[in-house]
Each structure stands twice: as C-alpha cells, then as structure tokens.
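First the structure, in the form of structure tokens, and then the observations on it.
Convention: sequence-line order gives letters A, B, ...; per-chain numbering from 1. The structure displayed is predicted, hence computed values, not measured ones.
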There are 2 protein chains.
Amino acid sequence: MTMKDVALEAGVSAATVSRVLTGHAKVAPEKREAVERACRKLGYQPDGLAAALRNRSSQSIGILVPDIENPIFPAVIRAAEHELARAAVDVLLCDADNDVEVEARRLETLLRRRVDALLVCPVHVRDSAPALRAAAGKVPLIQLDRRALDDVDFIGVDPVSGMTQVVTHLRAAGAHTAVFVGRHGGMSSLVERARAFEDACALHGLRDRPTLEVPFPDGASGRACARDLLARGDLPDAIVCANDELAFGLLAELRAAGVRCPGDVLVTGHDDIRAAEYLGLTTVNQSLQDKGREAARLLRQPSGSPRHVRLTPVLVPRATTEVLGSPS
Amino acid sequence: MTMKDVALEAGVSAATVSRVLTGHAKVAPEKREAVERACRKLGYQPDGLAAALRNRSSQSIGILVPDIENPIFPAVIRAAEHELARAAVDVLLCDADNDVEVEARRLETLLRRRVDALLVCPVHVRDSAPALRAAAGKVPLIQLDRRALDDVDFIGVDPVSGMTQVVTHLRAAGAHTAVFVGRHGGMSSLVERARAFEDACALHGLRDRPTLEVPFPDGASGRACARDLLARGDLPDAIVCANDELAFGLLAELRAAGVRCPGDVLVTGHDDIRAAEYLGLTTVNQSLQDKGREAARLLRQPSGSPRHVRLTPVLVPRATTEVLGSPS
DNA sequence: CTGAAAGCGCTTACAG
DNA sequence: CTGAAAGCGCTTACAG
C-alpha cells in the first residue's frame, strides 16, 4: 500500500499523487479528484518515515523529563503536545529515571530518531551539562524548569516573585521566623528558590533559619525534614517547602507528632499540583499549561541568541497558612 | 554526516560500515576497528529514520491515553517505556484529550509514523471502537485499562477482586449500607467496577443503594456526589468511590458540611495514586508498574488470539475506614 | 569477508 | 500542469 499503488489506481504518476497530498503544487482538478478517490478506495496512508527522510525533517520533537511521575511534568507535556499537534508535530517522550546516564542515552536515542528539536528538563545542573551540550550542538534545545547550560534557551518560573509572595503572605499571617525545606544542589530551580527565599526574608523582616537540604525533593524527604525540625525542639513559625510533595510528607509527619497545621505552624508548598487543593495546602501556582504552551512556541521559532523565559507564579492561600481564630 | 562519510574515512564501503554497526555479519577485525575509529572521529550518528524505512520497522510503539494528567497513566507509561527501552524500542506518546475525535486523529498520526504496535486506553467503550478497530487491523494493538473491542488484547485490573476486598473490609468495619459513587457508562473499567461492587454486596450482606453516575470521574464530580448524598438526608455507612480523585472531592465536600471521616462515614477510593497516602484514603492499589511492564511484555510478543490480562489489586486500609474508638 | 547495486516510500527540481 | 528521474540514508541479497 504505497503511493505507487494509488498512482496506478488513479491513472497518474506518483509525483502527482504526492503533489495532491502535500498540496505543494497545482494539480488539475480532475486528477486531484481521481487521486483523492483512489486514496479513499485503497485506504492509503502515507509513510511519514519516508517523507521525513526525504524532507530531512521528522516533524517531531523530543521531550525528556527526569521523571514523568513527577506531577509537574504531565501537564506541561500535555499542553506542549496539544500545541504542537496543531502544527502537525509529534512528540517523542522519554523518561530519564532521574539518572544522568540514562538521560545521556535517551538524548542519543532522540537524536537518532532525527527529532527536529528537544525540550529537556535536565536531571542535574552540572552532570547533565556535557550530554546536553552535545545535543544542543545538533538541534535546537530548550531547557525546561531546570538549567544546566547558561547559553541555551530556558523556560522556568520566576523564583523571586514566588518567594516574595510567600514571605509577605507569611509575614501578614504573623510569622516572625521561618525555614526553607528542600533545597537540592543538583536542581537549579531549587537552588534559586532557596536563594530567593533568603533574599525575600532579608527584605521583609522574616528571620530565616538555616535551609534544609534533601537528597531528593519528595514526600519521604519531607517526612525526614519534619523529624529533623521536631528533634531540634523549637519549630519556627513557618515552614516553606521547595515543592508540594515535600510539604505533604512534612505535614503528615507533623500531624503524627501532634503538631497542628493550621494551628501550631504555617506551611507552604510550591507548584500547586492537583493534590494541593485537596489537602488545603497553601502553595505557589505555576501555570503548567502556560509553560507547556510557551515551550511549544519557543520550539517552533528557534532563535540565534538564547532566550530566558520566566513565568510569573501566583500564590494560592489555603488552610495551611490560616491563622486560627481569625476569620479566613 | 552519513554512513558514506564514515566509509570514506575508514577506507571501506558503506555496506561494511553498516555491517559493523548492526553486527549482522562478520567483518575483518582491522576493518571493524577502522570503522569504529572513523565513527568516533566524525561523531557519526546513524539515521534511525532511514534504517526504519529500509527495515520496515520503526522500533517504536505508540502510547495513546485519554489524559496524561490522570495520575494513573504516568506510572504505567514510565514502566512500559523503561521496559521497552531495554529492547531499543522507543515510545511515541499522544494524549487524546478525552475526546474520541482527537483520539482518532492521534491514531492516524501514530500509524503514519509507522509505529510497530499500539498501546491504547480508549476514551469511550463504544465511540472509540471504530477508530480502534481500523488501527488494530494494521498493527498489534493492546487495550489498556478500558476496553472498546472484545476480540483484542486487553490488560486491566480485576474488578471482582478489588471490590470484594473493599466490601469485606467495610463489613468488618461495621458497615451495613453502602453506595457506589462514580460510575461512568463510557468507561468499561468503571462499569465493571460498579457491577462488581453490587455483586460483592449481595454476596457479603452489604445493602447497596443505587449507584451514582458521573459525567466524569474527577474531584468536581466527587464534590457534586457528596452534595447529592447530603441532600438526601441519610448517609449510608460507607461510600465506595470509583477512583481516588472522586474520593478526594467527596471528602472535601463532606468535611465542609461537617461530616467527619473517619467518624461519621467510611470512604474508599480506587487506584492508590500518590496523594491517597497523604490524605489517608483507604483505597485499592493496582500496581501501575506491573501493568506497564506487562503491557511492554505483550507488546513485544504479539499473539494470534486475543489475550485478556487481569492484574490482581490489593486493598490498602488507611484512615478513612478506621472505626473511631477501636485501636487501629 | 567485501563491494556494487538495488530498493525501502517519499518529494521536488527538471524538462516538457 | 505533469511525468521520469534522482536522491534522502540506510541494509541486505548477490556475486565474487
């Protein structure tokens, strides 16, 4: 079932069939119709691989994320996929398993498939750099959320805006001391967030205790951090978590220890993943959908000079920063 | 940068380069080395598209889900992706946007890319059938989670096992009456689940009230169902939700209305998505990872006769079915 | 063991 | 407007 069969059936040449299908050239109406009829009759389906080979463009892009189970990615992927589908660009999705070596292999795979561009959230700010650099040398590459290369397109959330909103909100809720929980040295986004938190504290008169680092920003680490803080005896007024999952784990452990929230301590997260609403977690919403759409936009208009896009997030106040007794 | 360049550099023919790279034929050691050296020197990267065209196999499969933001899919996709990567098979991911027409278009796209097989969770038990049927006629197709075609491979969770565990657990917790919330006529999995619930109730002496249908099984519907039940005045002892998100919404609404859980009512979910643990929701865990792996297995060994795989889920008791006063 | 040649299914410059 | 031909980058049967 190839173009040749269609040509035969329609009584024209393969070239004409191609012209009808691509629409890249004028074709006599009667031939056009003959071709269309033949296509339908035979149930012809063009071979995208052959077209890609010939066109030197696969009409596909690769998306590589550290862990597709991390709830911040599906929404971005979905938005990007839908946006790209409008331009007939397909998505090849790979998961790097939070492992720099798997990431490097996946990059090879994607390149071998001749993707036209790459959207990558690097596993590690430093260790991912070599493989990313090599890939960026071959196709347009956009870094998502985290950064490994300074001179390459990047799209992320504005940490200063987010942390400023959090800190002023906590101040308004009466907090005097706070701690940032969940910094991870390998993730540029969390490093920036911790830094922005410190700056905002200095600026708005919140005393910050030493930031807690984590081996990985997930629920288990949140629990561990809670135990840590509890062990030290005196909790700060507020605990600012680097992301929502950390906050969930932390809240669970706090509750198990009899610490109430709201009530005894204020807690915030970051990202506003779906579960945040159900748990009443105050958090910073970054529009994942906008990010996906923005990524699709950058992908479709490559540029010579690196672009750094920062989306502005929005604080979503919920129960975990409510002050008991005050009408909320 | 093609095979011809490598051949030139290595002083051999392109055929020999190909033989070295594929490993499909003996090559003299010195030539092999020359080729390998040339590849490294030139940073050669084979063109997978050209190979696919020639081999008539793209070494890729398509995965099509109704909504990648539905948390049950990423884990399955991830497991399948990793399993397939071991066989050098890549994944093309598409999202159908919970829309039968988008689904049909995506199926076309995937087929045009010449995927070797398809893993599809159908949007609708009946409306998805035609497009699925057409696709299944061209490549091996496996239905995931929901079914639209009876005579095509299917892999899902065993509803009888799950609902039996839920019902006996509720009985043991002292429930006499229960209601199933969240049936959706277009999703075979939820129809089966509702049916299995009724059967289990009959078998284990739980009085079941008329099942609540939903337009879509999400948090918003859960809230609506809660309002519905509240409006009727007398709540049953237990509310069995078709999935976790429904339960989250329902719990939020009940809480807002002053109904305590645990305390006043028992609530269960289904799937055990990550947030279930944080919310203390009793639910039915289906091993998403096993499902992904199983899917990858079926994909790699196509079969003449349709296979129906049912994974056995496991009840995970948590706070929402605790009986107050009893030590849990 | 190795090379020249054909061919996978398209598309487009070229000549008419 | 249309067809024959070349070519995208591989792979493999064929002949040596």
Side-chain angles (χ1 to χ4, degrees), chain A residues 1-36 38-39 42-60 88 90 108-116 138-139, chain B residues 1-36 38-39 42-60 88 90 108-116 138-139:
Chain A
M1 193 50 325
T2 78
M3 200 165 253
K4 217 185 291 185
D5 300 304
V6 176
L8 207 67
E9 171 75 26
V12 300
S13 71
T16 296
V17 175
S18 176
R19 290 190 185 103
V20 171
L21 265 26
T22 62
H24 288 2
K26 272 93 262 231
V27 174
E30 69 262 32
K31 302 219 173 200
R32 171 183 306 281
E33 275 164 34
V35 167
E36 283 163 354
C39 283
L42 302 182
Y44 170 67
Q45 194 166 38
D47 185 320
L49 260 28
L53 178 60
R54 174 59 225 236
N55 292 334
R56 327 187 102 274
S57 154
S58 64
Q59 288 289 97
S60 68
D90 299 334
E108 290 282 315
T109 298
L110 258 7
L111 257 11
R112 203 162 40 228
R113 294 263 170 212
R114 293 300 185 257
V115 292
D116 298 328
K138 299 183 181 174
V139 300
Chain B
M1 194 43 334
T2 77
M3 199 166 255
K4 217 184 293 182
D5 301 306
V6 176
L8 207 68
E9 171 76 26
V12 299
S13 71
T16 296
V17 175
S18 176
R19 289 190 184 104
V20 170
L21 264 26
T22 63
H24 288 1
K26 268 93 261 239
V27 173
E30 69 262 34
K31 302 218 173 197
R32 172 182 306 281
E33 274 164 36
V35 168
E36 283 162 355
C39 283
L42 302 181
Y44 170 65
Q45 194 166 37
D47 185 320
L49 260 27
L53 179 60
R54 173 59 223 235
N55 293 333
R56 326 187 103 274
S57 155
S58 64
Q59 288 289 95
S60 69
D90 299 334
E108 291 281 314
T109 297
L110 259 7
L111 257 11
R112 202 164 40 227
R113 294 263 172 215
R114 293 298 184 256
V115 292
D116 298 328
K138 299 184 182 173
V139 298

(request) For dT12(C) and dG16(C), measure between their C1' atoms and round to the nearest Å. (result) 16 Å

(message) Ignoring hydrogens, what is the shortest heavy-atom contact between Thr2(A) and Asp5(A)? Give both atom names and the distance.
(response) N-OD2, 2.7 Å

(message) For a 4.5 angstrom cut-off between non-hydrogen side-chain atoms, does Arg112(B) reach Pro46(A)?
(response) yes

(request) Could you tell me which non-hydrogen atom of Ala34(A) sits nearest to which non-hydrogen atom of Ala10(A), and how far apart they are? (result) O-CB, 3.7 Å

(request) Mind calculating the distance between NE2 (His24(A)) and P (dC14(C)) to the nearest angstrom? (result) 17 Å

(message) Protein within reach of the bases, or only the backbone? For nucleotides 1-8 of chain C, mark each nucleotide 5' to 3' as B, S or -, using heavy atoms under 4.0 Å.
(response) SBBB-BBB

(request) Send over the distance from Gln45(B) CD to dC10(D) C1', rounded to a whole Å. (result) 14 Å

(request) Could you tell me which non-hydrogen atom of Tyr44(B) sits nearest to which non-hydrogen atom of Leu21(B), and how far apart they are? (result) CE2-CD2, 3.5 Å

(request) Might you point out which heavy atoms bring Ser58(B) and Arg114(B) nearest each other, and give the distance in Å? (result) OG-O, 2.7 Å

(request) Determine the minimum heavy-atom distance between Ala7(B) and Ala14(B), stating which atoms define it. (result) CB-N, 3.6 Å

(message) Quick check: closest heavy atoms across Val27(B) and Arg19(B), and the distance to 0.1 Å?
(response) CG2-CB, 3.7 Å

(request) Compare side-chain N and O positions of Tyr44(B) against OP1 and OP2 of dG9(D) and report whether any pair is under 4.0 Å apart. (result) no

(request) Could you work out the separation of dA15(C) and dT11(C) based on their P atoms and round it to a whole Å? (result) 22 Å

(message) Side chains of Gln45(A) and Met1(A), heavy atoms from C-beta outward: is any pair under 4.5 Å?
(response) no

(message) Measure CE/Met3(B) against C1'/dG9(D) and give the value in whole Å, please.
(response) 8 Å

(request) Dot-bracket for DNA chain D, please, read 5' to 3', with Watson-Crick or G-U wobble pairs under 3.5 Å on both distances, ( ) within the strand, [ ] crossing, | other strand, . unpaired. (result) |||.||||||||.|||

(message) Output the rounded distance in Å from CZ (Arg114(A)) to C1' (dC10(D)).
(response) 11 Å

